[in-house]
Amino acid sequence: MRYLPLTPDDRARMLGVIGAPDVDALFVDVPAAARGAAFDLPPHAGEMEVERALAALAAKNRAAGAGPFFCGAGAYRHHVPASVDHIIQRSEFLTSYTPYQPEIAQGTLQVLFEFQTQVAALTGLEVANASMYDGSTACAEAVMMAQRVTRREKAILCGGLHPHYAQVTQTIAHAEGMEIVRQPAAIDPGDTVIAAIDDQTACVVVQTPNVFGVVTDVSKIAEAAHAKGALLVVVTTEAVSCGLLKSPGEMGADIAVAEGQSIGNALNFGGPYVGLFAAREKLVRQMPGRLCGETVDAEGRRGYVLTLSTREQHIRREKATSNICTNSGLCALAFSIHLSLLGGAGLRRLALINHSRARELADAVKGAGLEVLTPRFFNEIAVRTPGPAAALVDALLADGIVAGVPFSRLDPAAGLDDVLLLAATETTTSEDIAALAAALARRSGR
Amino acid sequence: MTMNTVGRPTRPDAAAEAAAAPASLTGGRGLLQDEPLIFERGGWGKTGVDLPAPAHDAADLAGFVRDEVALPGLSEPETLRHYVRLSQKNHAIDLALYPLGSCTMKHNPRLNEKAARMAGFADLHPLQPAATVQGALELMDRLAHWLKTLTGMPAVALSPKAGAHGELCGLLCIKAAHEAAGQGQRRTVLVPTSAHGTNPATAAFVGYSVAEIAQTDDGRVDLADLAAKLGPDVAAIMVTNPNTCGLFERDIMEIARLAHEAGAYFYCDGANFNAIVGRVKPGDLGVDAMHINLHKTFSTPHGGGGPGAGPVVLSEALAPFAPAPWVVAGADGFQLAEQPAGEAAQAFGRMCAFHGQMGMFVRAYAYMLSHGADGLRQVAEDAVLNANYIKARLSGALTPAFPDGPCMHEALFDDAWLEGTGVTTLDFAKAMIDEGFHPMTMYFPLVVHGAMLIEPTETESLRELDRFCDALLALAQAAKAGDAERFKAAPVLAPMRRLDETLAARKPKLAWRPEAETG
Amino acid sequence: MRFTKDHEWVELDGDVATIGITAHAAEQLGDVVFVETPEVGKQVKAGDAFAVVESVKAASDVYAPISGEVVEANPELDSAPETVNASPEAGGWFAKVKVSDPAQFEALMDRDAYEAFLQTQ
């Protein structure tokens with residue numbers, strides 16, 4: 001077995017040193033009734049055979065890049081520079097553990113410090129943590145953090161929040177005892193949430209661009225929330241939009257969470273992704289997750305350590321701010337490398353290209369006779385379809401086009417079966433858009 | 001006040017500062033470059049990505065647009081230099097043994113990396129039509145089959161993103177099952193004192209109160225104490241097996257029986273599954289729910305702290321409550337049940353935005369196929385053999401916490417042998433760094449004084465094990481010979497000396513800021 | 001000054017009690033990096049966790065040795081938590097509480113009793 005270095009001779013020698021007659025003697029504490037388990041599974045296989053089996057499974061899928069492709073709704077297909085994937089496969093990053101021994105983990109720690117700084121800059125807030133599992137769990141954690149800060153139990157989720165984010169937040173924060181008020185799905189709810197904020201409200205959660213692609217200025221919601229002593233949590237599922245749109249911090253957010261997959265990470269069928277989490281500095285001790293901070297070593301040289309760890313489960317146990325332990329370190333590294341390559345200037349241009357592509361897409365869809373429902377968008381639009389959006393997506397598949405996400409797939413109960421979510425990124429070509437427009441025109445009978 | 005004095009000194013002490021290493025003229029140490037932050041090397045307004053000019057502007061978003069984000073950019077060669085220089089300051093499994101107990105730092109096969117990057121897996125959107133992702137869903141179904149077979153459990157929830165997330169998932173299943181049975185008054189979770197911190201943290205997270213179960217002198221759950229604490233208020237017990245002392249709970253079936261008799265569920269923390277994979281089925285032991293860290297037992301890389309993956313296997317009683325989405329096999333192929341409706345009507349909710357850590361599923365499945373049933377059994381046997389070999393070789397010099405009987409996949413020592421040397425567990429661990437090894441898990445479990453928990457895993461050769469044991473024996477001899485100075489100063493040969501954690505925590509500096517702002 | 005088995009001290013001035021942690025506790029904790037003091041106006045019961053003291057290695061609850069209403073929290077601890085190490089039984093006080101039942105004070109250990117208690121630990 002190619003991954004197991006011990007030889008039969010080694011094993012015999014080692015048993016001799018241990019003073020055990022055979023390896024079974026080491027499993028003596030296993031109850032007799034549980035010994036001798038049989039497993040109906042195949043035997044070991046060579047690298048070539050395993051690769052062949054996996055390639056056969058991979059071949060049964062239609063990769064996003066195989067043709068025109070318009071899915072977004074929380075995960076976005078972007079180009080990732082080749083150097084990003086090369087660097088994250090370096091042994092020292094790939095095969096290292098959480099940096100609990102800072103003397104021999106400065107590589108990872110400095111990366112985390114840089115990552116936190118980048119996330120703070122993107123969100124316009126002062127402090128960011130070293131990552132969460134993904135945007136949706138970061139959203140749930142933000143709601144629970146608001147509960148700790150305000151000591152209030154109610155969270156209001158706006159109607160433009162990604163339904164899966166709302167479900168995750170309901171599942172996790174409700175289990176913790178919070179009351180989660182979810183407003184009905186609405187394409188452009190604007191400031192309507194303000195009426196629901198009262199002095200029992202811990203936080204309001206608003207997504208921008210929202211799940212329908214609508215760009216919202218949340219400043220008024222922030223003011224209204226603060227007037228009632230509540231926090232504003234701003235959610236972003238498309239991190240590239242942070243290069244162009246007003247930052248959550250600028251609009252008055254107290255906590256900003258985002259899905260960071262768009263920068264540096266592949267689609268991966270939904271994971272692993274990287275949750276971004278930032279907040280106002282005064283709230284730092286209520287933040288979940290790991291934090292990396294600057295300090296000095298015994299010779300006075302600058303270095304980095306995990307800090308404020310008394311908030312965390314391994315010390316605070318049942319009183320921890322969160323139970324999170326493993327996070328998304330390597331995805332955060334990929335995010336940070338990609339953003340280091342881009343810089344603010346490159347991110348701006350990337351964001352403008354995304355927006356530009358989406359404008360082309362919106363024009364083409366209108367040209368095909370469909371109504372665009374999103375008044376202001378970044379790189380994603382909601383479109384009214386002639387019949388159920390899901391049926392249209394199935395039909396266009398026959399044309400070789402993956403025509404976005406029917407909203408009904410995310411929230412079947414919302415009564416928005418004729419709403420289709422379409423995204424364009426820098427990887428979308430004019431030919432892709434033309435093909436979609438032509439197919440839409442054909443399918444909708446024009 | 002509560003007093004927890006078990007822990008670690010947090011500042012380099014004065015003795016350490018005396019032994020400064022000779023310095024270079026420019027700050028680096030030979031090939032170890034002194035690498036500034038990306039924010040300190042110019043690059044403002046620069047970009048290392050060539051992008052075409054956009055066809056349209058953003059005039060339609062007037063009033064919604066920010067200033068350019070203030071971040072520097074790097075060209076590709078500068079990027080490589082920066083990250084390669086940083087990488088060289090990290091320890092890694094590919095460099096040497098990484099003996100962190102209960103962390104299972106084993107070799108990460110590169111075939112797995114290659115497979116996960118196949119376009120048919122990596123370039124799949126989670127919301128593509130099911131017809132376009134049949135291979136991905138089949139892989140999830142196959143992975144589920146292996147996990148169920150290896151654990152002897154009838155169901156598995158794949159979506160949890162790490163071990164602690166899996167614990168949360170398992171406890172939420174248990175909570176849902178109790179509520180469905182009108183047993184919502186069960187609000188207590190029993191956790192042994194030796195448990196990992198995520199166990200009580202997770203129980204508290206779902207609103208349960210936590211009560212501790214005492215431990216016997218031989219490092220196992222105290223059955224009498226457990227029986228006394230079980231009652232109509234107890235929702236579940238959370239027991240790690242093999243436990244965090246590296247021991248198999250001999251009475252595990254009795255523990256399960258007592259819990260079930262009292263109407264509680266048995267949650268097993270599967271962090272140490274590597275010791276028994278392919279040899280023992282947790283389902284045979286009476287487990288109701290157990291998370292499996294794919295980043296431990298099934299070799300997906302730790303990546304400097306993640307990502308992980310924490311699927312949870314479930315008993316018949318808990319299976320209906322598993323969170324969405326479910327992979328469902330039907331006549332027309334595989335589908336995803338994404339809403340709590342239909343066959344998933346009792347699902348307690350949703351753990352994350354999509355279907356879990358697909359990238360980790362591919363890696364773990366490749367690992368399973370590579371090993372097969374026979375190879376996985378060998379994994380457990382070699383992992384246990386290696387740990388017992390270390391225990392046997394070191395026991396003359398170090399004091400094993402539980403000398404009688406074999407350990408499982410990790411060997412636990414206490415600090416009794418250091419008494420009178422002036423050297424602490426922490427000092428000893430830091431001195432290991434100078435010998436080229438990552439320290440073992442220290443001061444955990446809390447039930448053993450000055451604990452040193454060593455888990456070698458099965459992917460270490462006898463030669464590496466001997467190198468490691470020789471180094472520890474040499475260090476032990478130095479400690480006993482009165483060479484405390486070496487330990488107090490250590491590490492002196494690492495990229496950094498001991499760091500001042502007190503300073504970091506008292507005046508937290510969590511992001512770089514331009515000089516002008518920090519004043 | 002009176003003491004608890006949980007290593008808090010109390011000094012009573014009229015009906016206002018000043019509360020902190022003992023020199024022994026401060027030494028055991030090591031470098032204190034953060035103190036979460038109670039909110040002014042909060043009603044506390046003897047035995048309730050009413051403050052948190054953090055060193056790098058541990059976060060510990062501090063229990064109210066005496067019941068009453070918090071009337072002042074030590075503002076210095078926000079910016080200089082190290083005061084707890086430097087002056088645990090004077091400048092490093094945590095909070096002042098307007099006492100509702102002065103008899104509780106009398107029931108606590110005096111210094112000799114506390115010193116004797118430490119010997120048994």
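Quantities reported herein were computed from a predicted structural model and do not represent experimental measurements. Note on naming: letters A, B, ... go to the chains in the order of the sequence lines (proteins, then strands), and numbering restarts at 1 for each one. Heavy atoms only: backbone and side chains are in, while hydrogens, waters and symmetry mates are out.
Heavy-atom pairs under 4.5 Å with chain B peak, among Gly293(A), Gly177(A), Ala105(A), Ala266(A), at Ala105(A). Between chain B and the residues Leu308(A), Thr307(A), Leu122(A), Asn268(A), the largest count of heavy-atom pairs under 4.5 Å involves Asn268(A). Note on Leu139(B), Val133(B), Leu247(B): by heavy-atom pairs under 4.5 Å with chain A, the leading option is Val133(B). Taking chain A as the reference chain and counting heavy-atom pairs below 4.5 Å, the highest number among Gly207(B), Pro129(B), Ala341(B), Pro323(B) is found for Pro129(B). Of the listed residues (Val168(A), Leu341(A), Leu330(A), Thr171(A)), the greatest number of heavy-atom pairs within a distance under 4.5 Å of chain B belongs to Leu341(A). The residue among Gly372(B), Pro126(B), Ala115(B) with the most heavy atom pairs within less than 4.5 Å of chain A is Pro126(B). Between chain B and the residues Ala25(A), Pro272(A), Gly346(A), the most heavy-atom pairs under 4.5 angstrom are made by Pro272(A). Ranking Leu285(B), Leu150(B), Leu168(B), Leu172(B) against chain A, the residue ahead of the rest is Leu150(B), based on heavy-atom pairs under 4.5 Å. Ranked by heavy-atom pairs under 4.5 Å with chain B, the list Val305(A), Asn327(A), Leu350(A) is led by Asn327(A). Contact tally against chain B (heavy-atom pairs below 4.5 Å) for Leu15(A), Leu267(A), Asp217(A), Thr98(A): the top residue is Leu267(A). Of the listed residues (Val280(B), Asp284(B), Leu95(B)), the one with the most heavy-atom contacts under 4.5 Å to chain A is Val280(B). The candidate with the highest count of non-hydrogen atom pairs below 4.5 Å against chain A, out of Arg279(B), Lys114(B), Glu35(B), is Arg279(B).
Between Ala58(B) and Leu352(A) the shortest heavy-atom distance is CB-CD2, 3.8 Å. Scanning all heavy atoms of the two residues, the minimum distance from Val28(A) to Pro406(B) falls at CG1-CG, 3.8 Å. When every heavy atom of Gly65(A) is checked against every heavy atom of Asp123(B), the shortest pair comes out as N-OD2, 2.8 Å. Here the shortest heavy-atom pairing between Gly120(B) and Asn61(A) reads O-ND2, 2.8 Å. Nearest approach of Leu94(A) to Pro301(B), heavy atoms of both residues: O-CB, 3.3 Å. When all heavy atoms of Ala70(B) and Ala121(A) are compared, the closest pair comes out as O-CB, 4.5 Å.
A donor-acceptor pair is defined here as one N or O able to donate and one able to accept, closer than 3.5 Å; such a pair exists between the side chain of Ser356(A) and the backbone of His56(B). For Asn90(B) (side chain) and Thr108(A) (main-chain N/O), a donor-acceptor pair under 3.5 Å exists by modelled atom type. Here the side chain of Tyr98(B) pairs a donor or acceptor atom with the backbone of Tyr97(A) at under 3.5 angstrom. Using a distance-only test at 3.5 Å, with no hydrogens or angles considered, a donor-acceptor pair links the side chain of Thr295(A) to the main chain of Asp500(B). With Gln339(B) contributing its side chain and Leu410(A) its backbone, the two residues share a donor-acceptor pair below 3.5 Å. When atom types are taken as modelled, the side chain of Gln116(A) and the backbone of Ala511(B) share no donor-acceptor pair closer than 3.5 angstrom. Proximity of a side-chain donor or acceptor of Ser461(B) to a complementary backbone N or O of Pro5(A) within less than 3.5 Å is not detected. Listed for the Thr132(B) side chain is no donor-acceptor partner under 3.5 Å among the backbone atoms of Arg62(A). With hydrogens and angles disregarded, a donor-acceptor distance shorter than 3.5 Å links the side chain of Arg359(A) to the backbone of Asp57(B). Checking side-chain atoms of Gln106(A) against main-chain N and O of Pro495(B) turns up no donor-acceptor pair under 3.5 Å.
With a threshold of 4.5 angstrom between heavy atoms, Val402(A) approaches chain B through side-chain atoms but not through N, CA, C or O. Contact annotation for Cys292(A): only backbone heavy atoms (N, CA, C, O) come within less than 4.5 Å of a heavy atom of chain B. Interface remark: Leu339(A) contributes backbone and side-chain atoms alike to the contact with chain B (heavy atom separation under 4.5 Å).
Remark: Phe113(A) CZ to Ile38(B) CD1 distance equals 11.0 Å, nearest 0.5 Å. Taking OH of Tyr304(A) as the start and CE of Met496(B) as the end, the distance is 8.5 Å to the nearest 0.5 Å. The structure places CG of Asn388(B) at 9.0 Å from CE of Met14(A), a figure rounded to the nearest 0.5 Å. Atom CD of Glu103(A) sits about 3.0 Å away from atom NZ of Lys430(B), to the nearest 0.5 Å. With values rounded to the nearest 0.5 angstrom, Leu124(B) atom CG is found 10.5 Å from Arg77(A) atom CZ. The structure places OG1 of Thr137(A) at 7.0 Å from NZ of Lys161(B), a figure rounded to the nearest 0.5 Å.
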Task: Ile87(A) and Thr79(B): CA distance, side-chain angles, deciding distance, side-chain contact (heavy atoms from CB on, under 4.5 Å) verdict - done: CA-CA 9 Å; Ile87(A) 293 168; Thr79(B) 303; 4.0 Å; yes
Open item on the list: Does Leu6(A) form a side-chain contact (heavy atoms from CB on, under 4.5 Å) with Leu385(B)? I'd like the steps, not just the answer.
Closed with: CA-CA 10 Å; Leu6(A) 296 185; Leu385(B) 183 64; 3.9 Å; yes
Task: Stepwise side-chain contact (heavy atoms from CB on, under 4.5 Å) check, Glu381(B) with Phe27(A) - done: CA-CA 9 Å; Glu381(B) 292 181 0; Phe27(A) 287 85; 4.2 Å; yes
TODO: Take Phe354(B) and His164(A) through the side-chain contact (heavy atoms from CB on, under 4.5 Å) test and state the conclusion after the steps.
DONE: CA-CA 8 Å; Phe354(B) 302 115; His164(A) 287 179; 4.2 Å; yes
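A salt bridge is absent between Asp60(B) and Arg376(A): the closest approach of a Lys/Arg side-chain nitrogen to an acidic carboxylate oxygen does not fall below 4.0 angstrom. Glu299(A) has a carboxylate O that lies under 4.0 Å from a charged side-chain N of Arg497(B), or vice versa, which qualifies the two as a salt bridge. A salt bridge between Asp94(B) and Arg90(A) is absent, with no side-chain N of the basic residue lying under 4.0 Å from a carboxylate O of the acidic one.
The aromatic rings of Phe69(A) and His125(B) sit tilted, their planes meeting at an angle between 30° and 60°. Between His165(B) and Tyr133(A), the two ring planes are tilted [angle within 30° to 60°].
Two residues are said to be in side-chain contact when any heavy atoms from C-beta on lie closer than 4.5 Å; Gln128(B) and Phe269(A) fail this criterion. Contact check for Gln101(A) versus His91(B): no side-chain heavy atoms found under the 4.5 Å cut-off. Val69(B) is not listed as a side-chain neighbour of Cys242(A), based on a closest heavy-atom distance of 4.5 Å or more. In this structure, the side chains of Arg11(A) and Asp382(B) come closer than 4.5 Å at one or more pairs of heavy atoms.
For the residue pair Tyr83(B) / Ser83(A), no side-chain donor-acceptor distance below 3.5 Å is found, with atom types taken as modelled. No side-chain donor-acceptor contact under 3.5 Å links Thr47(B) and Arg348(A).
Ser370(B) pairs with exactly one of Glu51(A), Arg2(A), His44(A) by the side chain to side chain donor-acceptor pair (under 3.5 Å) rule, that one being Arg2(A).
Around the CZ atom of Arg35(A), the shell of radius 6.0 Å holds more than 12 heavy atoms that belong to other residues, nucleotides or ligands.
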